[in-house]
Structures are given as structure tokens and as C-alpha cells.
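Please read the structure below before turning to the comments.
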2 protein chains.
Amino acid sequence: MNFAYNNLYAESIHLTDREVPVNQPAVPFPGGTGGRRGSRAALSGAAAKRVERPAPLRQAVYEALIELIVNRTLVPGQHLVEVELAEYLGVSRQPVREALQRLQTEGWVDLRPAQGAFVHLPTEEEADQLLSVRGVLETHSARLAAERATPEDVEQLWELQEAGVAALAAEDVEGLVTANAALHAFISRLSGNTVLAEMIGTVDRRVRWYYTPIARPRGNDAWNEHAELIKAIAEQDVEAAGRIMTEHTGRTRQAYHERQAVAES
Amino acid sequence: MNFAYNNLYAESIHLTDREVPVNQPAVPFPGGTGGRRGSRAALSGAAAKRVERPAPLRQAVYEALIELIVNRTLVPGQHLVEVELAEYLGVSRQPVREALQRLQTEGWVDLRPAQGAFVHLPTEEEADQLLSVRGVLETHSARLAAERATPEDVEQLWELQEAGVAALAAEDVEGLVTANAALHAFISRLSGNTVLAEMIGTVDRRVRWYYTPIARPRGNDAWNEHAELIKAIAEQDVEAAGRIMTEHTGRTRQAYHERQAVAES
DNA sequence: ATCCGGGTAATTGCATACAGTATGTCGTCT
DNA sequence: AGACGACATACTGTATGCAATTACCCGGAT
């Protein structure tokens, strides 16, 4: 049953965040085990992306598990048995455990001592709180983006907007979600605040997990609001950008609850 | 050299966040390995805290490492060799590795594939960004707290305030930092948003790491601002609470930079 | 002298083995 | 029949072993 081994590499080796493969600018640190790193002056300018590091298995496992959770193969509340995951992914328990550690701190699974990992089971209250936090972070990011966006950035924003509208017209739910994520991610990057952008990244990913089911009906309004937002950013209108983003995320939050209400009836 | 083994248990077994030792309300999950849990009707009402779970070593290691980082035993940029840490803490490499995973996602260390863990080396820019995000989160939390605080809560706030002022008078830097953390943590809990509170918790802890050196000079003003903030919360004045917190965190941020400027001269 | 090369030591990454703990089941006693 | 208790099983937690990669060191060539 370990067909997935290849799959794993073929599919999810886009080592996105974290796990920095770069070598730091050789800072001479005080304590340390002993300076083992020599200084190599040249080549410092070009931001050359080091190719093909031996991407650790834990990274691949981590991403594979998120994928399995998001697409509901692993359902909330499910007990994740380490050896099962390991066999399924064709690795040993070790990288699985390391991935689980990371998944825990990011809220995807809960680790119960001596009992193991369980796919996180979000309550409606928690989802609401997450959406609330998301609103605050996104608003801040929108304001900063409005301050700093260049015309080229705005150009890119419009392109992302078009992609989203196209997906909307094509009823491409998958594409819609992706486009939405891309737009918000780009704005967060425009903010120039890396810490903020990373935080939004993880929060949004979780939001998307809870929220995917309602992406469709909200689509129309959402992308109109996106257009408004881009306009505000283009005009560097900080207040407007912040206000629109607050409303935008607020409506998303509301849509979530309405959908919940329907789902329970 | 493994005297630290006892230390480790004696000192840092206050399993704070995460690692939920509670047994969930027995949700019947669809997939799962198979329902192994029986239902026990009685005793369900009383919220009895299950005592003394076998706290995993990784948890203790995690906390020990944070302590070592915060108190500068492990200096930023330092290469953390797994077997050294393991020997020092009196455990094997395994729990160390798991702790490092978690430390990475929370920004304490950087993991470079095939090279190991390095204590995170914060740039001034990053510290600024973190302080910026902190301001936003804390402001949100202050507003929510103002909405919901009961007179009893306000009472507690004043007690925390007194503790801080006392530490200030006694020139107790350690106590000052602790009191400050306690006050902010309490407010974040008052917000009623658990997700927000947790996020503030981790952000604040990192801020404290960067910021501890300047806690003293800023102390006086900070605690005056705290008093203002509590007043606003007591009057349930949401706008004022938010504004004061924004200013408060903004000043902290400014103080950080001024201190940096001094340090570099 | 500097740059390039091979060789060596050190360290990570992964796998496996063992021990401890919790759960489920069956039998027995009241 | 219900409840308690011992046994068996499954899974996690921890330790150890092995292979692969990396960084360092030193000698030789340019």
C-alpha cells in the first residue's frame, strides 16, 4: 500500500515556507559550538536560490498531511495512528512524528499525551474566533499595502482579480479558492511586514479549511469587494482600504455563520 | 554533566499551553481506526481537571530550551547540536528533535536541512514587524476586553496593576517583566477569544525575548498607561481601550528602536 | 599566497527496537 | 445481572543504530 511514496514527491515538493535552505550571511556568533563556517566574500549580492536541497521527508509528510486534512480524507476528530500514516506515505514513524509536532502548533491536529494525534475538530466558536483574528490581521495588512503599493503592484493585483472573476464565471470552485488565497497572500506581501504575512498565511489556510464549503455562494459579492479594495489601494487610501477589508472579512465571517445555520437545519 | 535532568523537572513542568490532556467529549467520528472509547455517563458535569498526565519529555525539553534561549544561555545564531542538548538535558535525541520542530514553527530557532537548528537571529526589522503585529492583536484584544469585562475582572486587573507598580518601585526587573506579561495575558483572556489569546501569548513571549533589556527605562510610563487602560476597560469604553492600547504598544515599539539606536552608538 | 582538491570528522536524517501506558475484553465474584 | 479485576492488545514515547550529507582541514598545484 505504499504507492503513495512517489505521489508524495511528485505532488508536494514545493517547499513553501519555513525550512530555510539559505545559508545565513555568516554572522560571527559569540558562544557557539565553535566557528565552523568560513567567510566567503564574493557572490553575496546575487540572491541565488540554491537548487534542490535534500528536502527532508518531514517537510513532504507535513504537506501531504495538510492536503489529506484539507481534502477531508482525514476527517476532523479522526485518530491518526502513526504507523498507518507512515506505511501509507512509505516512510518510517520518525518523520511522521516530526510533522505531527509542527501540525499541532499550527492547529491542524491535537496531540494527546500517550494517546496520539487527532485531526483537530473545530467548534463553531473557534472558527468564529479565527475569522475574527483574521479580519484584524488582514485589515492591518490592507492598510500597510495601501501605504506602500506601487503602480506595478496594483497592476498585478488587477491580474489576480481577473483570474478570480474568470474562475467565478467558469464556476471553478477549486480555482476560486486558489485565486482568493493568492489575492490575499499578495496583499499581505505588499504590506512589507513579513511576520504579518506569514501569520496571515497560516491563519488563512486554516480558515480556508473550515470555509471552503461556502466559497461558491459568497463568490460574487466577495470579488466585487476585492475590486473596491484594489481601487482603494491604488489610490493609496489607507483608511478606505482598511475599512473595506474589515467589512470584507466581516461579511465572510457572517457568511460562515449563515451557512452553519443552514447546515444544521 | 547531566545534572540538569532533575532541574528540568523541578523547574519547568508547568505544562502551559497545547498538549491538551483532556479527554474530548467522545465525538463519534466517521473514519477512524475504530471506536475504542466507551461512554461513562456520570461525573460528566463537574469540570474535574485530570491530574498529572505523563508529561512527555518533548514538552519539558521544549520549555527548557525556551528558557535557555530567553536567558541568553543559548545566544542568537548559535548552532544547536542535537546530541549536546540531549546530553545536557539528560534525554535522547528524539524528544529534542521533536521540541526543535515546535520551536521552529514558533520562531525560536531556524532549521536548516541537513545542517541542524540555529537559535533564531532576529533582525531589527523583524523585531519591528513583530511589535507592529503585536500592537494590532493587543488592540483588538483590549477592545473585546472592554466589551466584556465584569467588575470582578476589573478588580483582578487592578491587583495585577498593583503588583506591577510594586515591582517597579522595588526595581525588580524580573518581576516587572513577569507582571507586564501577566497583565497583558489577562486582558487577552478577557477578550473571550481563545485563538486570539493564544496568538498573543506566543507573540508576546517572543517580544519579551527581544525586549527584556529595555523593560526598565520604559517601566514608569508603561504602568501609567496600564492604569489608563484599565480605567477604560472598567468603563467599558471600547474606543478608548483600543486607542490606549494602540498607543501603548506603539510607544513600546518606539522605545525598542531608541534603545537600539543607543546600543549601536 | 591563493585557489582547488581529497580525505576525515562531525552531524543530521531516517529507520528500527524496546519499554511504558492506555484501552478493550473476558472471566469471576457478589 | 452488574461490577470489579486480571489479562491481552494496540499504540505511543523514548532510545539507539546506521547511512548520507555536510563542513572542516590540510596538502598540492597554479
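Model, not experiment: these values are computed from the prediction. The sequence lines fix the lettering, A, B, ..., with proteins before strands; numbering per chain opens at 1.
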Is a side-chain donor or acceptor of [X] paired with a backbone partner of [Y] at a separation under 3.5 angstrom?
| X | Y | answer |
| --- | --- | --- |
| B:S132 | B:D128 | no |
| A:Q129 | B:T194 | yes |
| B:R189 | B:A197 | no |
| A:Q78 | A:V75 | yes |
| B:H79 | B:Q115 | yes |

Short side-chain N/O contact from [X] to OP1 or OP2 of [N], under 4.0 Å:
| X | N | result |
| --- | --- | --- |
| B:R58 | D:dG13 | yes |
| B:R97 | C:dT12 | no |
| B:Q115 | D:dT21 | no |
| B:H79 | C:dT11 | no |

Between [X] ([atom1]) and [N] ([atom2]), how many Å, whole number?
| X | N | atom1 | atom2 | result |
| --- | --- | --- | --- | --- |
| B:E98 | D:dT14 | CD | P | 7 Å |
| B:L100 | C:dT11 | CG | C1' | 13 Å |
| B:E84 | C:dA10 | CD | P | 12 Å |
| B:L57 | C:dT21 | CG | C1' | 14 Å |
| A:R112 | D:dA10 | CZ | C1' | 16 Å |
| B:Q104 | C:dT12 | CD | C1' | 14 Å |
| A:Q101 | C:dC14 | CD | P | 15 Å |
| B:R93 | C:dT16 | CZ | C1' | 14 Å |

A:P95 has its side chain closest, among D:dC11, C:dC14, C:dT12, to C:dC14
DNA chain C nearest-nucleotide lookup for B:E82 and B:Q94: closer to the 5′ end is B:E82
